[in-house]
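So the structure is just underneath, and the comments pick up after that.
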Amino acid sequence: MRLSRYFIPTLKEIPAEAVIPSHRLMLRAGMIRGLSSGIYSLLPMGYRVWKKVMEIIREEMDAIEGMELHLPALNPKEIWEETGRVEAFGDTMFHISNRDLVLAPTHEEIITHIAQAFVHSYKDMPQIWYQIQTKFRNEPRPKSGVIRSRQFLMKDAYSLDSSWEGLDESYQKHYDAYCRIYSRCGLNYFVVGASSGAMGGSGSQEFMVESDAGEDLCAFNLESGYAANIEIASSSIPKAGRVEENPPAEKFDTPQAKSINDLVEQFGIPEERCAKALVYFADETPYLIFMSGNDQLNEAKLQSALGTNTIRPAHEEELLALTGAHGGSIGPVALKTSVQQIADTRLEHANGMVSGANEDGFHYRNLDLDRDADIQRYVDLRTVLEGEPDPIGGQPLKVKKAIEVGHIFKLGTKYSEALKAHFLDDQGKEHPIIMGSYGIGVERIVACHIEQRHDKDGIAWHPSIAPFHIHITGVKVESDMVAEHAGRFEKELEDAGFEVLYDDRVGVSPGFKFKDADLLGMPLNVIVGEKHLKDGNIEIKVRHNGERHIVPVADVVATCRTLIDAMMNAEN
RNA sequence: CGGAACGUAGCGCAGCCCGGUAGCGCACUACCUUGGGGUGGUAGGGGUCGCGGGUUCAAAUCCCGCCGUUCCGACCA
């Protein structure tokens, strides 16, 4: 391929709207062009990479006997109403304004609809169906280039099984396939236990790439092997527990104490003897929630505990109406109204506690939550902090930002029940199909690849998904000697099976060409210039480590082969 | 949805406070020059100054409204 004829609109200057490296470099390398917030055109250089990622995904999905299909992006709203997900997605789902149609944000409903029609026997399963398609989500705030956008490509796979053991097998197959996919795409990744959120289901894991541009926090310890999304991460931090003396609860004056820190500072109360109260509404039902000391409520955990995804903190007026006090003076006893109460497990059976008196300026001390409070449930609600002991080996947790590049779910029967996708077992008994769902964000793989493989000059592609394997820089192609050799290398390398981009532009200075080559980032740059050619040599530059090899003209193809093979086999 | 900033040529920006000819760099076109790290020069083409109102003899500039984009936060199956 000749660069003079190929459409690669590189930019010297960085468009102002791009902040993170992958976004800047995709724009500068002429891979993408923004159309509107969260909507991008994929230009030829970018689309080549996308296609390679999709091909790797296809190969690995086919290897676990997945079958690719193609589903409608336009869906009748009705089917989404049957599973309750029009409401669950809310404003995140795009609605067509002149028909009762929606733009599919994912495809569980459609898959289940097909299964309901055709999969009726345990003999028909297992099945793995997958699609690589455009999905639509009305993200309230698109950001970070293609990492969070309104229209994006996703590989979604769905497994259908007749038993829970079968689901476990299908899930494991996907887990293994995903590891191969990310490795082949040249990514450093890790896997964390994850929240299933409003997807429903019994378990899920996320494939993560560590990055400051990430939107998820993960807690992990490499030694013990514990790794979890902060949404579900726990630690073995000690409970508040019980103190020996257990006098009756007693109200006391706390006119200046609005926070846990105030109580600690003004009254010398140890932080772990304080029970912080919060009021949240879940689907418009209020809940009084207690946390130990300054522990941070984890809203994701609260959502799963309450089985909803619509929660919000109460407003000041609501606090007063429900409890009789403003924030800072709320507690478990003497509540103005009857409110359901939930507490973090750290507070279980705790006594000797201090908490609000539901009267501004007063608290109770010596509270025994078992004796004095009416807490219905104790669940893990706190957000873990870096340094706390992990729950497996008690090793200190690290907390890092990461980008989610894949998510695998054991869905179970939520969708098959809602859409009546049933089968008969070998006893002739009817059951809902047991499902799994497995997603990969295609553009996130590309973005993460660039996040992990770039320097100040540009991208440094892994050969597996590089737009071209080899860049040939013709230094002064006006010279017949240069043009002849470069043209010949182009042909020989292509004949050897490489994808080659030959910078044959006339009248472009060497420096300009080198800068473009570094920006575009092909794994190898074969530099054809009079400088080495007059000695019968060619320079080959390795993009990711800057190594330069001077080799005889006759060895160019063999050297490229060796260098590319080495990169393909290297650990990421 | 809360907070903030920005919108002037394809890209990066100045001009706006203090109203009066729309500018600079890059990119683009032509010619010359250079030829191993974004060569140097000469001459050009390209903009309803986001949109709509208002004030004024006169608005990129002042006022009001809207739209768009980005950042922080909320949200994110």
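The figures that follow rest on heavy atoms only: side chains count, while hydrogens, waters and symmetry mates do not. Here the structure is a predicted model, which means the values were calculated and not measured. First the proteins, then the strands, lettered A, B, ... as listed; each starts at 1.
- Applying the 3.5 Å distance criterion, the base of B:G38 shares no donor-acceptor pair with the side chain of A:R505.
- For A:F207 and A:Y175, the distance between ring centers is under 6.0 angstrom.
- The partner of B:G25 is B:C11, judged by Watson-Crick or G-U wobble contacts that both fall below 3.5 Å.
- Side-chain rings of A:W461 and A:H449 approach one another, their centers coming within less than 6.0 Å.
- Using a 4.0 Å heavy-atom distance criterion, A:D516 is classed as a base contact.
- We find that CG of A:L27 is positioned 17 Å from C1' of B:C26, with the value rounded to whole Å.
- A:R2 forms no cation-pi arrangement with A:Y502, by the criterion of a distance under 6.0 Å to the ring centre and an angle within 45° of the ring axis.
- Rounding to whole angstrom units, CG of residue A:N138 and P of B:C1 are separated by 11 Å.
- Taking a pair to require two hydrogen-bonding distances under 3.5 Å in either a Watson-Crick or a G-U wobble arrangement, B:A74 remains unpaired.
- In this structure a side-chain-to-backbone donor-acceptor pair under 3.5 Å is missing from A:S36 to A:I39.
- Scanning atom types as modelled, no donor and acceptor separated by under 3.5 angstrom connect the side chain of A:R141 and the base of B:C76.
- Ring pair A:H174/A:F409: centre-to-centre distance not below 6.0 Å.
- Among residues at least two apart or in separate chains, side chain to side chain donor-acceptor pair (under 3.5 Å) pairs with a member in residues 508-521 of chain A are A:T10-A:D516, A:R505-A:D516, A:D518-A:K541.
- Atom C1' of nucleotide B:A74 and atom CZ of A:R312 are separated by 14 Å, given to the nearest angstrom.
- Taking A:I550 as the reference, A:H532, A:N537, A:E539 meet the side chain to side chain contact (heavy atoms under 4.5 Å, CB included) condition, with sequence neighbours excluded.
- Taking the side chain to side chain contact (heavy atoms under 4.5 Å, CB included) definition, one finds that A:P21 meets it with A:E451, A:H454, sequence neighbours left out.
- Using a 4.0 Å cutoff on non-hydrogen atoms, the parts of residues 522-532 of chain A near RNA chain B are A:I527, A:G529, A:K531, A:H532, ordered by number.
- Residue contacts shown for A:P15 are limited to sugar-phosphate atoms, with no base heavy atom under 4.0 Å away.
- In this structure, the side-chain hydrogen bond (donor to acceptor under 3.5 Å, both in side chains) partners of A:R148, at least two apart in sequence or on a different chain, are A:E139, A:E215.
- Mapping A:P140 and A:K515 onto RNA chain B by nearest heavy atom places A:K515 at the nucleotide closer to the 5' end.
- Counting heavy atoms from C-beta outward, A:V279 and A:Y287 have side chains that stay 4.5 Å or more apart.
- Residue A:V508 is classed as a base contact, given a heavy-atom separation below 4.0 Å to a base.
- A donor-acceptor contact under 3.5 Å is formed by the side chain of A:R28 with the base of B:G38.
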Between the protein and nucleotides 5-8 of chain B, which nitrogen or oxygen pairs come in under 3.5 angstrom?
none

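- With sequence neighbours left out, the side chain to side chain contact (heavy atoms under 4.5 Å, CB included) criterion links A:Q116 to A:A421.
- Taking atom NE2 of residue A:H315 and atom P of nucleotide B:A74, one finds them 16 Å apart after rounding to whole Å.
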N/O contacts under 3.5 Å, protein versus nucleotides 66-69 of chain B?
{"residue": "B:U69", "atom": "OP1", "partner": "A:S36", "partner atom": "OG", "Å": "3.1"}
{"residue": "B:U69", "atom": "OP1", "partner": "A:S37", "partner atom": "N", "Å": "2.9"}

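- Taking atom CD on A:E539 and atom C1' on B:G37, their separation rounds to 11 Å, with Å as the unit.
- With hydrogens and angles ignored, the 3.5 Å screen pairs a side-chain donor or acceptor of A:S304 with a backbone N or O of A:A300.
- For the pair A:R48 and A:F468, the cation sits on the ring face: its NZ or CZ lies under 6.0 Å from the ring centre, inside 45° of the axis.
- Scanning for side chain to side chain contact (heavy atoms under 4.5 Å, CB included) contacts around A:P140 gives an empty result, with sequence neighbours left out.
- Atom NZ of A:K476 and atom C1' of B:U34 are 10 Å apart (whole Å).
- When both pairing distances are held under 3.5 Å, B:G38 makes no Watson-Crick or G-U pair with any nucleotide shown.
- Among the nucleotides B:C71, B:G37, B:G36, the one closest to any side-chain atom of A:K143 is B:C71.
- If you check every strand for non-hydrogen atoms under 4.0 Å, A:K541 touches a base.
- Contacts of residues 440-452 of chain A with RNA chain B (heavy atom under 4.0 Å): none.
- Backbone-only engagement by A:E299 is indicated by non-hydrogen atom pairs under 4.0 Å involving sugar-phosphate atoms exclusively.
- A:L217 has its CG atom 14 Å from the C1' atom of B:C76, to the nearest Å.
- Residue contacts for A:A16: at a heavy-atom cut-off of 4.0 Å it reaches the sugar-phosphate backbone alone, with no base atom in range.
- Shown for residues 3-14 of chain A: residues whose heavy atoms fall under 4.0 angstrom of RNA chain B, namely A:K12, A:E13, A:I14.
- Listed nucleotides: B:U70, B:G38, B:G35. Nearest to the side chain of A:E478: B:G35.
- Ring centroids of A:Y438 and A:Y158 are separated by 6.0 Å or more, keeping the two rings apart.
- The side-chain hydrogen bond (donor to acceptor under 3.5 Å, both in side chains) search around A:K155 returns A:Y178, not counting sequence neighbours.
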> Does the pair A:E13 and A:R24 meet the rule for a salt bridge (charged side-chain N to carboxylate O under 4.0 Å, His left out), with working shown?
Replying inline: CA-CA 10 Å; A:E13 286 175 291; A:R24 292 176 170 197; over 6 Å; no

